Amino acid sequence: MSQSATRASSHGRRPPILERNLVKGRTNEVSLPAFAFLFCEMLSYATKKSSGIQDMEKKLSDFGYRVGIRFLELIVFRDRIGRRDTRLLNVLSFIHSTVWKTLFGKPADALEKGTDNEDEYMISDNEPNVTKFIAVPKDMSQLSCGAFIGGIVEAVLDGSGFPAKVSAHATASDQFPLRTTILMKFDKSVLLREKSFEPR
Amino acid sequence: MPFDVVCIAVIGKMNNPLYIKNCSSTYQDLKCHYIAHTSIDLVEERISTTKHTDQYLGLLYAMEELAVFGYITNTRVKFIIVTSLQDVAIKDQEMKNLFRKIHNSYVSLVSNPFYNPDSHKPIVSANFERAMAEVTAT
């Protein structure tokens, strides 16, 4: 889902059909404007149907969850054949690089461990593609449309056997006003399991 | 094809049966269900003892004339293939190819937005059944 610089599909300057590659290749790209329209519609549907900000974030996160479970199966089948992640750090770096690269065309910008609690980790993205064209009105300033991305991450973690509570927060900085952070709080069972792997 | 596939089973992440197909005429359906059921225990044992991070689990066990192979995906969905034992040892690579084909059709099934992978109901999809028939036919 990345906007390709060479294939400006919206301007009609694609190479003529006889000169295009026969095989579409791994990078099946969808044009960003098409996805932006779809996401706009999803947002207005969610606004209509939900009663508040929390509700709307939950709806977006549900959308993302449904995408995520299918996405996990697909990406494991295509890119990671023959390997399962059993360690927490491995799964986190999998999300940070492979998942982000396949979905958005670039790896995520930061992966941090929470300082207050043992079980919190954060992934940040300076300019997520999905929310690039969304402007949030002032009376909804608590809302973060990154909840959709949070849903995808939650599904990937759940499916791989690391149940976690995921939430998305807008942490705007001067350089990157659209910066979004995804906070993952893992279940106690995950931490216990990690501890049992340590001494080996 | 040096060996015959007797049955294929797909077991969900809560160890619920999703799809069991009996491809041979000499064994009853019930026997296939039994074999799939016992192989669940073996799969659980394999993935819990070692830090086994492979998806292909290899030969789980062998009975009178049947050999059972297992494969687990990242989302804890298990595929079981039961073959009839022949004198020639079955190569890992061939089994991995078979499992990859099953995994392929499973991924297509899950990508369907109307399929709910968290429900415990068995798989009812014409495409999936067609793909399974192809796997056993080759």
Side-chain angles (χ1 to χ4, degrees), chain A residues 1 26 28 30 38 42 45 62-95 98-99 102-103 151-164 189-190 192-200, chain B residues 10-15 18-19 43-58 69-79 92-120 123 125 127-128 131 135:
Chain A
M1 218 176 37
R26 278 299 182 79
N28 278 331
V30 175
L38 182 62
M42 277 165 55
Y45 175 83
D62 279 343
F63 287 154
Y65 193 87
R66 287 168 61 100
V67 171
I69 41 183
R70 291 163 174 92
F71 175 72
L72 174 65
E73 297 273 359
L74 192 62
I75 193 177
V76 159
F77 178 70
R78 277 194 193 154
D79 288 340
R80 304 263 295 178
I81 187 65
R83 260 185 294 262
R84 293 186 303 125
D85 290 312
T86 42
R87 304 301 306 269
L88 185 57
L89 277 181
N90 288 351
V91 100
L92 282 176
S93 67
F94 169 62
I95 295 183
T98 316
V99 169
T102 321
L103 281 180
I152 299 184
V153 171
E154 181 168 6
V156 171
L157 287 174
D158 258 353
S160 312
F162 297 87
S189 56
V190 176
L192 282 176
R193 203 172 57 197
E194 275 302 298
K195 279 212 185 61
S196 75
F197 278 144
E198 289 294 328
R200 265 182 238 172
Chain B
V10 176
I11 300 172
K13 62 177 176 226
M14 294 283 139
N15 291 337
L18 286 177
Y19 184 78
V43 171
E44 297 272 327
E45 189 197 319
R46 285 283 166 104
I47 59 178
S48 64
T49 50
T50 60
K51 278 165 66 160
H52 207 119
T53 54
D54 277 341
Q55 287 177 341
Y56 176 66
L57 300 172
F69 294 86
Y71 181 95
I72 185 166
T73 69
N74 281 38
T75 44
R76 303 291 178 124
V77 173
K78 310 158 181 76
F79 304 131
D92 262 359
Q93 198 51 42
E94 288 176 7
M95 290 317 288
K96 283 194 193 175
N97 285 344
L98 273 191
F99 276 123
R100 190 157 170 89
K101 283 194 206 138
I102 300 183
H103 197 172
N104 194 357
S105 37
Y106 180 73
V107 166
S108 309
L109 174 75
V110 169
S111 307
N112 179 357
F114 297 114
Y115 175 71
N116 180 9
D118 290 332
S119 79
H120 293 188
I123 296 178
S125 154
N127 274 339
F128 189 72
V135 166

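Since this is a predicted model, take the numbers as computed values, not measurements. Letters A, B, ... mirror the listed sequences (proteins, then strands); counts begin at 1.
Of all non-hydrogen atoms in B:Val110 and A:Ile69, the two that sit nearest each other are CG1-O, 4.4 Å.
For A:Leu74, the parts sitting under 4.5 Å from any heavy atom of chain B are the backbone and the side chain alike. When heavy atoms are compared at a cutoff of 4.5 Å, B:Asn112 approaches chain A solely by way of its backbone atoms N, CA, C and O. For B:Tyr106, the part lying near chain A is the side chain, with the backbone staying farther off; criterion is any non-hydrogen pair under 4.5 Å.
Between B:Val107 and A:Arg78, the closest side-chain pair of non-hydrogen atoms is not below 4.5 Å.
Judged by the 6.0 Å distance and 45° axis criteria, B:Arg100 is positioned over the aromatic ring of A:Phe77.
Side-chain contact of A:Glu73 with B:Thr73: a donor-acceptor pair under 3.5 Å is absent, judged by distance alone.
The line from CG of B:Asn74 to CZ of A:Phe94 is 7.0 Å long, rounded to the nearest 0.5 Å. Between the CG atom of B:Asn116 and the CZ atom of A:Arg66 there is a distance of 7.5 Å, given to the nearest 0.5 Å.
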